[in-house]
Amino acid sequence: MSPAADQPTRNDPPAYDFRSAEPRWQRAWAERDCFAVGDTPSDARPKYYVLEMFPYPSGKIHMGHVRNYTLGDVVARYKRARGFCVLHPMGWDAFGLPAENAARERGIHPAKWTADNIAAMRAELQRMGLSLDWRREFATCEPAYYGQQQKLFLDLLRAGLVERRESWVNWDPVDQTVLANEQVIDGRGWRSGALVEKRSLAQWFLRITRYAPELLAALDHLDRWPERVRVMQAKWIGRSEGARLRFALETRLDDHAEIEVYTTRPDTLFGMSFLAVAPEHPLAARVASRDPEAAAFLAECRRMGTSEATIEAAAKRGYDTGLRVRHPFRPEATYPVWIANFVLMEYGTGAIFGCPAHDQRDLEFARTYGLPVRPVVLPPGEDAGHYTVRERAYDGPGRVINSEFLDGLEAEAAKTRAIAELARRGMGEGVVNWRLRDWGVSRQRYWGCPIPVIHCPACGVVPVPAADLPVLLPEDVTFDRPGNPLDHHPTWKHTPCPACGGAAVRETDTFDTFVDSSWYFARFCSPHAAEPVARAAADHWLPVDQYIGGIEHAILHLLYARFFTRAMAATGHLAVEEPFAGLFTQGMVTHESYRAGDGRWLYPEEVECRPDGTAVERANGASVTVGRVEAMSKSKRNTVDPGAIIARYGADTARWFILSDNPPERDMEWTEAGVAGAWRFTQRLFRLAEALPPAAAEPLPVALGPAATALRRATHRTIAAVTDALEGFAFNVAVARLHEFANALADAERQQAAASAADGLDWARHEAMQTLARLIAPMMPHLAEELHARLGGADGRLVVELPWPEADPALTVAETVTIAVQVMGKLRGTVALPPGQAEPEVIAAAVAEPNVARVLAGRRIVKQIYVPDRVVNFVVAG
RNA sequence: GCGGGCGUGGCGGAAUUGGCAGACGCGCCGGACUCAAAAUCCGGUUCUGGCGACAGAGUGUCGGUUCGACCCCGACCGCCCGCACCA
C-alpha cells in the first residue's frame, strides 16, 4: 500500500488517515491556544525562547525551511514538555529587492506581491503543524514594525552610533543604484550589464567598529555557538597589533607633508625599499591632478572593478609618483613613493611601506619593478653572510640583521623596540588595528524602511521628530524608469524642515534589509508595543535560548544582531548584550540531479528511477543521466516541493524523515525511498496502537512475567535514551531509538498470543504505547495526538499538555550485562551476568566460557584487566 | 596560501568519549500470506575461508602510546566548507 494507492481494500488493516487527522489536531491546538504565551508571563515555569531565522517571503517554502522549522519545533515542543514556558514566534523578513523586481517585471506592487507571498507561505507553514504563537506574527514591511525601527535609528543617532560620510561604492549607471560587491560580475552590473563605476557617495553608517573589541572578546563566552562561526566572526573583526608611523616627504606636495602607514612588522623597517599608497588615497588623487599618466593609471584601477576573481587574477601593478620619503630611523635615506593596485584604502591607513624580503606581495611588486630586496630577518640556521631571498619572502621568526640598533634581537623583541624608538622620536606609535568596517546601511531602493531624516539647505540633516513617525512609504510609486522610485516621486520627498520650516527634502535612501533582521528577535517579545521593545518583556525573554538557522548567516546577520543588541542596551532598550545564547547551524538539504540527453535539467518528478540504477524521463522514456547529489537549487531543478510532499505523505512523515537520516548540522540527502520509509513507520505505529486490546486495568499488576518486565525495561531505557538524544540535538539517534522501541513493541505483540493475562503484558504494552506516543510528539505531533487519543487519552488532555515521560531508574539499569572476554585484546567470547558482580566471580565465569577456555589452554595468565560490567582482558604468556 | 571540519558495510549513519565496531534506517537476498500482485509480516545481509562451531582481516594510509585505539599522539593522502593582496 502506498499513499498514492486507492482506498484500502476490505481486508487491509486500518490505515492512519493523516489527511483528516493533521488538520483536526491543528485545530485542536489552535482552539486551546496551546502555544500562546504572554509578553511578561507571571508563570512559575522557567522561560525558554526558541527562534528559527525568519524567512524571506518568496512565495513558497523550500526544504531548507522544512528542516529549519522542524528542528526548531522539536526543541520548542520538547522544552514545553519539560516544563518550560516556551516563546516560539514566526514572522517575515519582508523588505527586499525581489519585490521590486516583481514590480518591474510583472507590474505587481511590491506590497501586494509581498502580502500574497506571506499568505501562501503562512498556509504552508501551518500545514507543518508547528507549535508557533501566531499572535506574535509580524512582517518587517508593516509600518508598525519599520516605524519602530525608525525610532530606534533616531535613538542610535542621538547616542552617536550613526554617522553620515562619503564612501566609495559600486555604482550602476544604467540602473542608477549602488550595487553590493557580489552583484558586480566581471566589473559589470548583474542586472543591467553596464560597466560599474566606483563613486563616492554620502551614505549612512552605523558605527559597529566602536564595538569591535567587545564583539571579539564576547565570542569566548558564546560556548553554545559552533566553533567555526566564532572563528569566522573573529577573523571578520580582524584584530591586529602593529604600529602607525609617519614618513616625511622629501619635498611637500601642497598640504601633504607626510604619509601615514600602518604595519604589523615594524621590525622590518630597515628592509624597506619603497612606499605605496592605494589608488583611492588622497595623495594619489593629488598626484594625478597634475600628472596625466598617473591619472590614467588610476582610471585603469577603477575599471578593474571589485569582483574577487578580478582582484585575485590581477598582477601587482604600480605607478612611480616621483615623490620620495625619508626613512624614520635614517633621515639620509629616501625611498620612492608608488601608487599600487594591491594596497587597500579600506584597511589600515591606505598606505604601506614595502619590505620585499619579508612580505610576498611586496616581493612580487619589487621583482616587477626592479626594486631592491634586502633581508633583515635571518631564518634560524641561515648564515648572515650568504642569506638571500629567492621565490618566497620569509615571514617566519628569526634574528634581526642589517638593522642598526635592532641587530641581534629576535623579531618579536625588535617590534617592541622599533615601536619604542618611533614613539621616542615622535614619528609613530603602537596601535591595534581592526579589519571590521563601519556598516553602510543606505540603499537607493523603494522597498525598504525609509531613513527618517530630512535634508534642509539651511539646517543640514534634521532628524524627523518623533511625533511625525513613522515615515511611511508612499504607495503610489512607479517602476517605469531606472533608479529609486522614492527619488522621482512627485511629492513625497518634499517636506518642510522640522527645524526652520523652510523647504526641505526627505532622505530617499532606505535601510539595508539586514537592519530589519538585526532586532526582530527583540520585537517578538512584545510585538504590539508602542515602542521598539517593551523593556519588561525583553528583560523576561531575552536572550534567545536557542537560535537555529543556516550557516550562510554566520557572519553578517549574526554580527549585526550582536551589534544591535549592544547598541540597544546602550540606548536603554535592552538589558542584555548578547542576543543568542545558543546557536545551531543546520546543514543543507541535497538531492540527486537529473539531466536529459539534450542537456535539459529535469525535476525529480519528471524522472523515473529504475531498480537497476538507471533513470528515464517519464514523458518520453528517454534515458536520463543521474548527476551529483548537491544542494537543491532551481537552476539544477533538483528541488522537491514541500507542499507536494506534505499533501502526499503528511507533515509528520516529512518532519520525521528530515530528522531521521543525518545529524542536523550535516547536509542531508532527500530521497524518495527515505520519505516512503518514514511514511511506512507512521503506519506501523498506528497499527501497533490499533492492535492493542482495550485499555488494561489501571493499577500496575503485582506480578509481571518476563516478557512484560522486558518490555517495561525497554520502555524506560527508551525514555532515557530519547531524552539524552534530544538534549544533544542528536535527533537522528532519537529516531533510531524509537525505531528500536517500535520493534520491541511488535515483539511483545507476538508474544501476547502465547502469554496469559496474569503476566501483565497487556499492561506493559499500554504503558509502552502511551510512552511512545509522547516520545514521538516533538517530531510527529499529529500522530502522537492521534495515538494518544486512541489509547484513551489522559482525562481529555492532549499530548501537548502533558509533561515529558520520566524514566524509572530502577528499570533503566540492565538485568544482566554482557561482558566481553578478551585474550590479548582479542574478543574470544562473552559472559552474561547480573551487573555489579565482584571481580573474582566475573573472572571465574570468563575463564569458564568454553571458547575462552580453549584459547587459554596451556598458557599462563600474566595479567588480567577487569573493567566492571564491560570487559575482561587476559594477557598471557607462552 | 590561511583557518575550520570530515574520511566507518552497497548507501545515510551509530558507538555510553579508551572497553563486544557496524545500532537504526535505506537498499538487496530469502521466506510467509495471496490465484497473482501490491501492501504487510518473518529471517538474513562488513569482507575472506569453512556445511558448521570457528578462524583471519577490517573504521583513508603509515607509524606510535596502551592490557586494549574509530576514539589519544606524529607524519602523510583525499574530500568538503569558510576566508583571502588585511600590510
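Below, chain A is the first sequence line, B the second, and so on; all start at residue 1. Worth knowing before you read on, the calculation uses all heavy atoms, side chains too, and leaves out hydrogens, waters and symmetry mates.
- Nucleic acid contact class of Val343(A) (heavy atoms, under 4.0 Å, all strands): base.
- Among the protein residues, Arg392(A) comes within range of no part of the nucleic acid, since none of its heavy atoms lies under 4.0 Å from any strand.
- In this structure, the ring of Trp656(A) has its center less than 6.0 angstrom from the ring center of Phe681(A).
- Of the charged side-chain nitrogens involved, none lies within less than 4.0 Å of a carboxylate oxygen, so that Glu364(A) and Arg367(A) do not count as a salt-bridged pair.
- Salt-bridge formation is detected for the pair Glu429(A)/Arg246(A): a Lys NZ or Arg NE/NH1/NH2 atom is positioned less than 4.0 Å from an Asp or Glu carboxylate oxygen.
- Across C67(B), A14(B), A87(B), the shortest atom-to-atom separation from the side chain of Pro663(A) is found for A14(B).
- The separation of G10(B) from G22(B), taken at their P atoms, amounts to 16 Å, rounded to a whole angstrom.
- Mapping Thr264(A) and Gly674(A) onto RNA chain B by nearest heavy atom places Gly674(A) closer to the 5' end of the strand.
- Closest to the side chain of Lys235(A), from the set A14(B), G3(B), G56(B), is G3(B).
- Residue contacts shown for Glu669(A) are absent, as no nucleic acid heavy atom lies under 4.0 Å away.
- Nearest to the side chain of Arg750(A), among A87(B), A57(B), C42(B), sits C42(B).
- Closest to the Arg435(A) side chain, of the nucleotides C20(B), A15(B), C86(B), is C86(B).
- Among the nucleotides C24(B), G12(B), A87(B), the one closest to any side-chain atom of Asn662(A) is G12(B).
- Taking every side-chain heavy atom of Leu344(A) into account, A87(B) is the closest of A87(B), G3(B), C67(B).
- With G3(B), A87(B), G19(B) as the candidates, the nucleotide lying closest to the side chain of Tyr262(A) is A87(B).
- Each of A55(B), C20(B), G3(B) was ranked by its minimum atom distance to the side chain of Thr830(A); first place goes to C20(B).
- When heavy atoms are screened at a 4.0 angstrom cut-off, Asp724(A) is found touching no nucleic acid atom at all.
- Separating the P atom of U59(B) from that of C70(B) is a span of 7 Å, rounded to the nearest Å.
- Among A87(B), G13(B), C41(B), the nucleotide with an atom closest to any side-chain atom of Arg687(A) is C41(B).
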Arg317(A) vs Tyr369(A), test: side chain to side chain contact (heavy atoms under 4.5 Å, CB included). Steps then yes/no.
CA-CA 9 Å; Arg317(A) 308 232 0 243; Tyr369(A) 293 104; 3.9 Å; yes
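- Taking for each of Phe874(A) and Val867(A) the nucleotide of RNA chain B with the nearest heavy atom, the 5'-most of the two is the partner of Val867(A).
- Between G19(B), G4(B), C67(B), one nucleotide has an atom nearer to the side chain of Arg228(A) than all others, and that is G4(B).
- Between A69(B) and G19(B), the distance separating the two C1' atoms is 10 Å to the nearest Å.
- Within 4.0 Å (heavy atoms only), Arg684(A) reaches sugar-phosphate atoms of the nucleic acid but no base atom.
- The main-chain N or O of Phe270(A) is found under 3.5 Å from a side-chain atom of Arg374(A) such that the two form a donor-acceptor pair.
- Nucleotides C85(B) and U17(B), compared at atom C1', are 43 Å apart to the nearest Å.
- As judged by a 4.0 angstrom heavy-atom cut-off over every strand, Arg230(A) is placed among residues making no nucleic acid contact.
- Using a 4.0 Å heavy-atom distance criterion, Val231(A) is classed as a sugar-phosphate-only contact.
- For the P atoms, the distance linking A15(B) with C24(B) amounts to 14 Å, nearest Å.
- Thr818(A) comes within contact range of at least one nucleobase, with a heavy-atom separation under 4.0 Å.
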